[in-house]
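See below for the structure under consideration.
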Amino acid sequence: MRTLYIVGGAMGVGKTTTCRLLCERLENSALLDGDWLWDLHPFRVTDVTKRLVCDNIVAVLNNFLACSELENIVFCWVLHRQDILDGLLSRLHTAGWNVRRISLTCTEPALRARLEKDVRAGLRRPDVIGRSLAYLPLYAALDTEKLDVSLITPEEAAEGILLGGLR
């Protein structure tokens, strides 16, 4: 069965790293990070840019879904609200595909530590910490499989997704 993995989680939880590792372990796979399609300077969150990124995501994912060479597609993005996830899914041509919706979660201290490390390394701006921590509790309400990555490595998270059995 061909599988589309849709992986969400707060900024800094480890989505991109986990999904890269997952994609490397899957045969005939493609990876798409939603952030790649919203790399605007200056970065602005408006109705127009939100519509743009969603249209971009749907277009690229539908192209991947239509490709007979692909057996697995891994898509990651923040995906903190059910309406965003449902809106994207309603526009995708997933007939013949198993769709797995997964949220990576972690404890607040674990997320704070990861983000602070990234800020110190110059990879993120300090304002991401408050925004990301505010998103963290939203994932509990989503209709997704949950994987707590607080105490595991991205390699272990990718393996957990492959093995299934998430709650």
Side-chain angles (χ1 to χ4, degrees), residues 4-26 29-54 56-57 60-61 72-89 99-167:
L4 168 61
Y5 298 84
I6 299 177
V7 181
M11 295 82 74
V13 78
K15 294 179 303 297
T16 300
T17 304
T18 296
C19 287
R20 279 188 197 284
L21 293 165
L22 175 62
C23 197
E24 289 172 8
R25 291 186 166 126
L26 295 166
S29 62
L31 172 65
L32 177 64
D33 186 321
D35 290 346
W36 299 341
L37 302 177
W38 201 349
D39 193 1
L40 307 176
H41 302 276
F43 180 76
R44 286 184 288 245
V45 179
T46 67
D47 288 342
V48 172
T49 61
K50 287 190 274 189
R51 190 168 42 257
L52 171 70
V53 72
C54 288
N56 287 344
I57 288 167
V60 174
L61 284 178
N72 296 284
I73 300 166
V74 180
F75 168 63
C76 61
W77 201 30
V78 174
L79 299 168
H80 61 296
R81 293 188 353 231
Q82 191 69 46
D83 64 312
I84 295 170
L85 181 56
D86 291 345
L88 291 173
L89 282 168
V99 179
R100 289 194 55 202
R101 298 169 297 181
I102 301 160
S103 293
L104 300 184
T105 64
C106 69
T107 64
E108 189 172 311
L111 183 58
R112 182 180 297 280
R114 291 173 189 197
L115 291 168
E116 287 174 349
K117 179 181 173 190
D118 286 354
V119 169
R120 282 192 305 276
L123 301 174
R124 296 181 190 267
R125 294 177 38 194
D127 66 322
V128 73
I129 296 171
R131 286 184 292 119
S132 188
L133 290 174
Y135 282 12
L136 196 55
L138 302 177
Y139 294 94
L142 298 181
D143 181 20
T144 58
E145 300 173 67
K146 309 296 189 295
L147 177 59
D148 187 332
V149 297
S150 300
L151 301 173
I152 63 174
T153 66
E155 292 82 2
E156 292 168 323
E159 191 65 23
I161 291 169
L162 279 175
L163 295 175
L166 309 179
R167 61 176 172 84

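Across all non-hydrogen atoms, the minimal contact from N56 to L37 is ND2-O, 3.3 Å. Of all non-hydrogen atoms in S132 and L111, the two that sit nearest each other are OG-CD2, 3.3 Å. Here the closest non-hydrogen pair linking D39 and H41 is OD1-NE2, 3.0 Å. Looking at every heavy atom in both residues, V149 comes nearest to C106 through CG2-CB, 4.2 Å.
Taking CD of E159 as the start and OG1 of T18 as the end, the distance is 12.0 Å to the nearest 0.5 Å. To the nearest 0.5 Å, the span separating CD1 on I129 from CZ on R112 amounts to 6.5 Å. L147 contributes atom CG, which lies 10.0 Å from atom CD of E156 (distance to the nearest 0.5 angstrom). With values rounded to the nearest 0.5 angstrom, L104 atom CG is found 8.0 Å from I152 atom CD1. We find the CE-CG distance between M11 and L133 to be 9.0 Å, quoted to the nearest 0.5 Å. Going from atom CG of L136 over to atom NE2 of H80 covers 12.5 Å, rounded to the nearest 0.5 Å.
Using a 4.5 Å heavy-atom cutoff, the side chains of L21 and E24 are in contact. When side chains are defined from C-beta on, Q82 counts as touching L85, because their heavy atoms get closer than 4.5 Å. Counting only heavy atoms from C-beta outward, the side chains of R114 and K117 never approach each other to under 4.5 Å. A heavy-atom distance below 4.5 Å is found between the side chains of C19 and L31. Side-chain contact between L88 and L79 is present, with at least one heavy-atom pair separated by less than 4.5 Å. Within the 4.5 Å cutoff, the side chain of C23 has no heavy atoms near those of the N72 side chain. Taking 4.5 Å as the limit, every side-chain heavy atom of T144 sits out of range of all side-chain heavy atoms of Y139. Side-chain contact between V7 and F75 is absent, with no heavy-atom pair separated by less than 4.5 Å.
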Handout entry: Residue pair L32, I73: steps toward the side-chain contact (heavy atoms from CB on, under 4.5 Å) verdict
Key = CA-CA 8 Å; L32 177 64; I73 300 166; 5.7 Å; no
Exercise for the section: Might you work through the side-chain contact (heavy atoms from CB on, under 4.5 Å) test for T107 and L151, ending with a clear yes or no? Expected result: CA-CA 9 Å; T107 64; L151 301 173; over 6 Å; no
Handout entry: CA sep, side-chain torsions, deciding dist, call: W36, V60, side-chain contact (heavy atoms from CB on, under 4.5 Å)
Key = CA-CA 11 Å; W36 299 341; V60 174; over 6 Å; no
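The main-chain N or O of G14 is never found under 3.5 Å from a side-chain atom of T17 such that the two would form a donor-acceptor pair. Of the possible polar contacts, one joining the T49 side chain to the R44 backbone as a donor-acceptor pair under 3.5 Å is found. Side-chain atoms of R101 never come within 3.5 Å of backbone atoms of G8 as a donor-acceptor pair (strictly under, hydrogens ignored). For the pair K15 (side chain) and A10 (backbone), a donor-acceptor distance under 3.5 Å is present.
Note on ring orientation: taking the six-membered ring where Trp is involved, the planes of W38 and F43 are tilted (angle from 30° to 60°).
Looking at R100, R25, E145 one by one, the single match for side-chain contact (heavy atoms from CB on, under 4.5 Å) with I161 turns out to be R100.
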